[in-house]
Amino acid sequence: MRGGTVDHSETTTPSAEPSGYIGRRGEGAEVRRLLGKARLVTLTGPGGVGKTTLATRVARDVAHLFPDGVVLVELAEVRDGALVANLVADRLGLHDRSGLPAGRQVIDHLRDRVLLLVLDNCEHLIDSSAEFAAAVLAGCPRIVVLATSRQSLGVAGEQVLPVPPLPIADAVRLFRERAGAIVPSAFDGQDEEAVLAELCGRLDGLPLAIELAAARIRSLSPGQILDRLTGRLTLLTSGRRTAPRRQQTLRAAIDWSYHLCSPSEQTVWARTSVFSGSFDLDAATHVCADAGIAADDVLELIDGLLDKSVLIRGRQSGVARYQMLESLREYGQERLDVTGDRHRVARLHRDWFAGLVARANEEWVSDRQQRWIEQLGHDHANLRAALAWSLSEPDEPGEAGEAGRALRMAAYPVEYWLLRGLAGEARTWLGRALAATSGDHPDRADALCVCALHTLWMGDHEQIARLLDEAEALAEKNADEVARGRVLHIRSFAAMLTARPGSVELAAATCAIFRAHGLVHAELHPLFIHGVSVAYRDRDPAAARASLRRMYDLAAERGDLFYRAMALFGQATVEVEFGDVTAAADAATEALRLDLRTGDQQGMAYRVDTLAWIAARRDEHERAATLFGIAGALWERIGTTADFAVHLPHVKHTAATRDAIGNTRFEQAYAAGRALSDAEAVRYALGEPVPASPSAADARTGILTKRETEIAGLIAKGLTNRDIAAELVISQRTVSTHVEHILTKLGFGNRAQIAVWVVGRAGARRAQL
């Protein structure tokens, strides 16, 4: 199983033709040729020349050559070089649980994979990008990197391909296509080729400049556009004489587009340049509206910028979101600097996302939880930008201060950071914010506890103790019982994970404190800790059921998904050992369905592992081993192992499964589980029929012979060629020949895929009965 969920596939290659892809056949062929002989290819050229478009088109064309997919990482959304590896890890769907640096986790994940990694827009993080690329190339022998940058990375073995402007003929085609999409009758049949050729020549064939010019076709003819552009270019020559002519031309086109905007549109352009990644209308309104621009006018002004190709409209989770090309964003920020408004706008940006985080935390345990998971995910680049700005600004007098706001933003909602697998990043932000705030800051104790929780996932117990000791001292000093409860919560969790005494008592005390203060959200996880701990330590399933039932009811009443899944998982772990195996299966299956809705990869690993224990208890040992294989891929993906949190039952049931079917059959079934695709793995774990993956091969070559079908079934049971030969009283050579024929007919490369196919066909037949 290569991926972690059905929603986070490693492959992010565009599935459709990139917008505006005209010409570039020669460059595309050259990039493909270079990718065939070099492991690092960098496309260079000025902003707006089309590096990203060329890279994404080539990535789509060569995707079939990379069995583990193509991953596109847009570096423009981060400004801190230290986050390059974190962003790549995020795009790969990795969870930061191991305590290793993000770069090491990426390398460990990619070490045995055959994958194309596209690093887009490296120029503003050139040193960090080069260092990261070099480390990946050195540690992952079958990874190929395709980078785009305004300058080369300077890494050994790098093949650099400068991307030239479009030839005039292709530039004219692009202009015609873009202008015709806006005004179909823009060209009246008159001979305008000479005008268009001169216009595109003035723009030096830069696709971005051409698109900006074409956006004016609604109000100007091509000749009028040429007249105005010519004047703008003449003015430009008295400016940045040291810049390359193409960069001057691009700046001229952008400057010209800027001056064609109304004053209010210019203001919104500049102010929205503060966003990193994409943004929605509510955020734009908060940042852009003031005494000069009414809140109700922001949408109309954004619409004007969309018309002028300054903004690009997308759609995520049913909500329109807007994005600005990096060259236009840089230009907008220059305008903020010219007007002296950059600090004020950046503060508005930070305040908006600080408020967003606060609302998400308040509403986390509610029926709005899934919306918040999606919203914060879409805005993560903006969260990073807001945190970085807060920590780069000097603190001002007052209760919070800039670093204090960062303290709260990085701390909550803690579940979001865990769901995204960003415990390491959260700990980094919290560490920086804690270092920048005073020792008596009112939010410090809470932040110390959250930092300790993230550190717990990294296994740094010495650091956890220091963080909790400081938080406990602050709680005592301030007579803050809730803060003391948070300290007890983390101590109880650490005791449970490390099988140390005290988890039951500490969790019970924590629940009592939070319940007394009416803090339902805070009480939920301690209820889980108490339920599981009292069952496994005290052998008291009745007390365990009571805590887990309260947890489930509190979460369900409020429409929560995350803690409902956790409560069901707790019930499953109790029932599989001390109660009703059928009840355990129902609870674990329902928990997994909830995980799919929230995208909780860590939760999925726990649930699938538990389903394997249940299968072992039911003597379904082949299924148990396959489920252990699926879970193994998930544990690996989130950077930890089952031994970290569910060591005893995992070891117990794994050993029982091996003993029941033997090492060879166990390894066969385990490998079959790992070989399943994301969708197949989920369906198998849920007990649903797995579609026969080689159906196309069946249609092409016909079904297997009776003997081949028989041998495929024995392979699925984990038998070796020697075992099959003995079973069927034929020679091993004959078995080997049949196996080769099966692999050829089904288009497979290994025996594990045969096993998966047999299981899938059996499930499909059962579903038809």
Legend entry - Worked check of side-chain contact (heavy atoms from CB on, under 4.5 Å) between L92 and L110: CA-CA 9 Å; L92 289 168; L110 296 179; 4.1 Å; yes

Test side-chain contact (heavy atoms from CB on, under 4.5 Å) on H461 and T498 and set out the steps. CA-CA 10 Å; H461 294 286; T498 55; 3.5 Å; yes

Walk me through it: do V287 and F275 pass the test side-chain contact (heavy atoms from CB on, under 4.5 Å)? CA-CA 9 Å; V287 167; F275 290 103; 3.6 Å; yes

Residue pair T52, E74: steps toward the side-chain contact (heavy atoms from CB on, under 4.5 Å) verdict
CA-CA 9 Å; T52 297; E74 297 169 330; 5.9 Å; no

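Pairing each heavy atom of R444 with each of T437, the nearest pair is NH1-OG1, 3.3 Å. I638 and A605 make their closest contact through CD1-CB, 4.3 Å (heavy atoms, listed as atom of the first residue, atom of the second, distance). Across all non-hydrogen atoms, the minimal contact from L153 to C122 is CD2-CB, 4.0 Å. Closest non-hydrogen pair, P413 versus L376, comes out as CG-CD1, 4.0 Å. Heavy atoms only, all atoms of each residue included: A283 and F353 are closest at CB-CZ, 4.4 Å. Closest non-hydrogen pair, F569 versus A591, comes out as N-CB, 4.1 Å.
Counting only heavy atoms from C-beta outward, the side chains of T44 and L161 never approach each other to under 4.5 Å. Side-chain contact between T56 and V118 is absent, with no heavy-atom pair separated by less than 4.5 Å. You'll find the side chain of E636 stays beyond 4.5 Å of the side chain of D108, heavy atoms only. Looking at F562 and W364, their side chains come closer than 4.5 Å, going by heavy atoms from C-beta outward. Between Q159 and R39 there is no side-chain heavy-atom pair separated by less than 4.5 Å. In this structure the side chain of T641 never reaches within 4.5 angstrom of the side chain of H647, judged on heavy atoms. A heavy-atom distance below 4.5 Å is found between the side chains of R607 and D600. Looking at W429 and M409, their side chains never come closer than 4.5 Å, going by heavy atoms from C-beta outward.
Summarising the geometry, atom CG belonging to L627 is positioned 5.5 Å from atom OH belonging to Y684; distances are rounded to the nearest 0.5 Å. The CG atom of L467 sits 7.5 Å away from atom CG of L434, with the distance rounded to the nearest 0.5 Å. Rounding to the nearest 0.5 Å places CG of D337 at 4.5 Å from CZ of R342. Rounding to the nearest 0.5 angstrom, the gap separating the SG atom in C451 from the CD1 atom in I464 is 9.5 Å. To the nearest 0.5 Å, atoms CD1 (I490) and CG (L468) are separated by 6.5 Å. Atom CG in D595 sits 10.5 Å away from atom CD in Q601 (nearest 0.5 Å).
In this structure a side-chain-to-backbone donor-acceptor pair under 3.5 Å is missing from T148 to K51. In this structure, H95 contributes its side chain and L419 its backbone to a donor-acceptor pair below 3.5 Å. Not a single donor-acceptor pair under 3.5 Å links the side chain of T53 to the backbone N or O of G50. In this structure, the side chain of D68 engages the main chain of V114 through a donor-acceptor pair within 3.5 Å. Here the side chain of Q333 pairs a donor or acceptor atom with the backbone of S273 at under 3.5 angstrom. Judged purely by atom type and a 3.5 angstrom limit, R408 has no side-chain atom pairing as donor or acceptor with the backbone of D443. A donor-acceptor contact shorter than 3.5 Å is absent between the side chain of R113 and the backbone of I143. Of the possible donor and acceptor atoms, none in the side chain of R32 sits under 3.5 Å from a partner among the backbone N and O of V58. The main-chain N or O of L75 is found under 3.5 Å from a side-chain atom of H124 such that the two form a donor-acceptor pair. E158 places a side-chain N or O within donor-acceptor distance of the main-chain N or O of G154, the cut-off being under 3.5 Å.
Relative ring orientation between F493 and W457 is described as perpendicular, the plane-to-plane angle rising above 60° on a 0-90° scale split at 30° and 60°. Using cut-offs of 30° and 60° for the angle between ring planes, the Y563 and H525 rings count as tilted. Relative ring orientation between H380 and Y416 is described as tilted, the plane-to-plane angle lying within the 30° to 60° band.
Between the side chains of S390 and R350, at least one donor-acceptor pair of N or O atoms lies under 3.5 Å. Of the N and O atoms on the side chains of E330 and S327, not one donor lies less than 3.5 Å from an acceptor on the other residue. Side-chain polar atoms of N382 and S276 form no donor-acceptor pair below 3.5 angstrom. In the model, H343 has a side-chain atom that pairs as donor or acceptor with a side-chain atom of E393 under 3.5 Å.
For D61 and R57, the salt-bridge test passes: some basic side-chain N is under 4.0 Å from an acidic carboxylate O. Comment: R466 does not engage D469 in a salt bridge, judged by the lack of any side-chain N to carboxylate O separation of less than 4.0 angstrom.
Residue pairs that meet the salt bridge (Lys or Arg N to Asp or Glu O under 4.0 Å) test with at least one member in residues 75-85, sequence neighbours left out, are E77-R91, R79-E326, D80-R432. Judged as a salt bridge (Lys or Arg N to Asp or Glu O under 4.0 Å), the pairs with a partner in residues 369-391 (not counting sequence neighbours) are, in order, R321-D379, R384-E425.
No more than 12 heavy-atom neighbours from other residues, nucleotides or ligands sit within 6.0 angstrom of CD on E131.
Each of I126, T42, V160 was checked for a side-chain contact (heavy atoms from CB on, under 4.5 Å) with Q151, and the lone residue meeting it is I126. Shown are L119, V73, L125, I107; of these, the side-chain contact (heavy atoms from CB on, under 4.5 Å) with F132 is made only by L119. Just one residue in the list Q369, Q370, M604 forms a side-chain contact (heavy atoms from CB on, under 4.5 Å) with T598, and that residue is Q369.
Aromatic rings from Y606 and W635 are positioned such that their centres are separated by under 6.0 Å. The six-membered or imidazole ring of F279 lies away from that of H378, with a centre-to-centre distance of 6.0 Å or more.
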